[in-house]
2 protein chains.
Amino acid sequence: MTAGLTIGRAARAAGVGVETIRFYERQRLVAQPPKPEGAGVRLYPADTVERIRFIKDAQELGFSLREIHELLALRADPAADCSDVRERATAKLDDVQRKIQRLQDIGAALERLIAACPGRGGLHACSIMDALTHHSGDGGTACCSNPSQTTKGVHR
Amino acid sequence: MTAGLTIGRAARAAGVGVETIRFYERQRLVAQPPKPEGAGVRLYPADTVERIRFIKDAQELGFSLREIHELLALRADPAADCSDVRERATAKLDDVQRKIQRLQDIGAALERLIAACPGRGGLHACSIMDALTHHSGDGGTACCSNPSQTTKGVHR
DNA sequence: GTGGGGTCCGTACCTAAGTACGGAATCAAG
DNA sequence: CTTGATTCCGTACTTAGGTACGGACCCCAC
C-alpha cells in the first residue's frame with residue numbers, strides 16, 4: 001500500500017490547484033489526512049484524488065458543492081436507514097435523468113442546426129431557440145426573421 | 001400579434017425576478033425592447049420569455065452565461081460562414097454528449113446504490129464513489145470499510 | 001548544513017451571477 | 001385625480017467558489 005501523495009502531487013493528479021484542495025477540506029468535501037506524529041507533511045490517499053475528480057465532474061454537470069456533498073454522503077450500508085438512503089438516491093436519480101433529457105433536447109437542436117447549415121434549399125432551423133421550439137420538420141421559409149442579438153461584446 | 005408583457009409579467013412567466021431580466025439585458029443575453037415614443041413602459045415579446053427559460057435550463061446543466069451566449073449566437077443562415085457555424089455547433093454538441101455520458105455514469109451508480117440498499121446478502125456497493133469506481137458486479141464483501149466523512153455540518 | 005522548493009495556515013482578494021435599494025416617473029383601479 | 005403598485009435606472013451589496021499572499025516551517029539534494 002503506497003503511503004500517499006503530498007498535497008501538491010495530489011492536486012496535480014486531480015487537475016486542480018493546491019488551494020482548491022485546502023478549500024474543499026474547509027468545506028468538508030474531502031477529509032484532511034492527519035499530520036504525522038511530531039512533524040512532517042500530510043499525505044493524501046489516491047482515493048482522495050478520485051473524490052476530487054468526481055467533484056469537478058459533477059460541478060461541470062451543474063451540481064453545486066452542497067449537492068455534491070449530498071451525493072457523496074449517500075451510502076448504502078445496512079447500518080443506515082435504508083429507506084432514507086433510497087429516497088434521497090432516487091431523488092438524485094430523477095435529477096440526473098431530467099438533466100439528461102434536457103441535454104438530449106439541446107443535442108437534438110444542435111444536430112438540426114448543423115444539418116440545416118449548408119441548407120441548399122430548405123433552410124429549416126436557424127437558431128437553437130428555433131431548433132428547440134418549432135422543431136417540427138418542414139415548414140418552408142418561416143425562419144430567420146430578425147437577425148438581431150448576434151455576437152457583439154458580452155462581458156467586458 | 002400580442003403586444004407583449006411588462007417586465008414584471010415576463011419575469012413571472014419565465015420564473016425569474018425582474019432584476020434578473022435587467023441583469024441579462026446588461027449582459028446582452030436578452031434584447032431590451034424599445035421604450036415607446038414619448039413615455040411608457042417597455043413590452044417584452046413571448047419570445048424573450050422562452051429565451052430566459054432556455055438560459056435557466058442551460059445554466060442548470062453547467063453552462064456559464066458566456067457559454068450560453070455562444071449557444072444562442074449560433075445560427076444557420078446562408079449569410080453566415082457556414083463552416084464556422086458548423087464547427088462551433090459541433091464543438092458544443094461534443095460538449096453536450098460528454099455531459100450526457102457522465103450523467104449516465106452517475107445515474108448508473110445511483111441505480112447500483114439503490115439496488116444495493118436493503119441488500120439482504122450481497123452488499124456490493126456502498127457509496128457513489130464505490131459504485132462508480134469498482135462497479136464490476138460481485139466481489140463479495142470488500143466494501144464499506146471506513147464510514148467516516150458522512151453528513152455533519154457543511155456550509156454553516 | 002544550507003539553499004530552494006514544497007507545505008501549512010490564516011487572511012485577503014477576486015469573478016460570476018445575481019439581489020437589494022432608493023428615488024423619480026408612470027400606469028391602472030376606484 | 002388620487003393612491004398604490006410597477007417600472008426605470010443607477011449604484012451597492014451578497015453568495016458561491018475559488019485564488020493569491022505572506023511568514024513560518026519542513027524536507028531533500030548537494
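Throughout, protein chains are lettered first and strands after them, A, B, ... in sequence-line order, and every chain is numbered starting at 1. Quantities reported herein were computed from a predicted structural model and do not represent experimental measurements.
One interatomic measurement links the two molecules: CG of B/L43 to C1' of C/dT26, which rounds to 13 Å at whole-angstrom precision. Counting to the nearest Å, the P atom of D/dT19 and the CD atom of A/E25 are 15 Å from each other. Residue A/I52 contributes atom CD1, which lies 15 Å from atom C1' of D/dG17 at whole-angstrom precision. Rounded to a whole Å, the CZ atom of B/F23 is 17 Å from the P atom of D/dA12. Rounded to an integer number of Å, the gap from CD1 of B/I68 to C1' of C/dG18 is 13 Å. D/dC8 atom C1' lies 18 Å from atom CZ of B/R9, rounded to whole Å. The separation between B/I21 atom CD1 and D/dT7 atom P is 9 Å, rounded to whole Å. Straight-line distance from the CZ atom of B/R26 to the P atom of C/dA17: 14 Å, rounded to whole Å.
Side chain of B/T48 to backbone of B/Y44: no donor-acceptor contact under 3.5 angstrom is found. Between the side chain of B/E67 and the backbone N or O of B/S64 there is at least one donor-acceptor pair closer than 3.5 Å. Under a 3.5 Å cut-off, the side chain of A/R51 and the backbone N or O of A/L29 do form a donor-acceptor pair.
Residue B/R22 is the one, among A/I55 and B/R22, whose nearest nucleotide of DNA chain D lies closer to the 5' end (criterion: closest heavy atom).
Applying the 6.0 Å contact sphere to CD of B/Q104 captures more than 12 heavy atoms from other residues, nucleotides or ligands.
In this structure, B/Y24 reaches the sugar-phosphate backbone alone: every heavy-atom distance under 4.0 Å involves primed, P, OP1 or OP2 atoms, never a base.
Between B/T6 and the phosphate of D/dT7, there is a side-chain N or O to OP1/OP2 separation shorter than 4.0 Å. Between D/dT19 and A/T20, a contact under 4.0 Å exists linking OP1 or OP2 to a side-chain N or O. Note on A/K35: a side-chain N or O is less than 4.0 Å away from OP1 or OP2 of C/dC9. Taking only side-chain nitrogens and oxygens, A/Q27 never comes nearer than 4.0 Å to OP1 or OP2 of D/dG18. Between C/dC9 and A/R42, a contact under 4.0 Å exists linking OP1 or OP2 to a side-chain N or O. Between A/Q32 and the phosphate of C/dC9, there is a side-chain N or O to OP1/OP2 separation shorter than 4.0 Å. A sub-4.0 Å separation between OP1 or OP2 of C/dA16 and a side-chain N or O of B/Q59 is absent.
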Nucleotide by nucleotide, 5' to 3', does protein get under 4.0 Å of the base (B), only the sugar-phosphate (S), or neither (-) in nucleotides 22-30 of chain D, counting heavy atoms?
----SS---

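Within the 4.5 Å cutoff, the side chain of B/V30 has heavy atoms near those of the B/I55 side chain. By the 4.5 Å heavy-atom criterion applied to side chains, A/R102 and B/L61 are counted as neighbours.
Pairs engaging residues 90-100 of chain B under the side chain to side chain donor-acceptor pair (under 3.5 Å) rule: B/E70-B/K92 [sequence neighbours left out].
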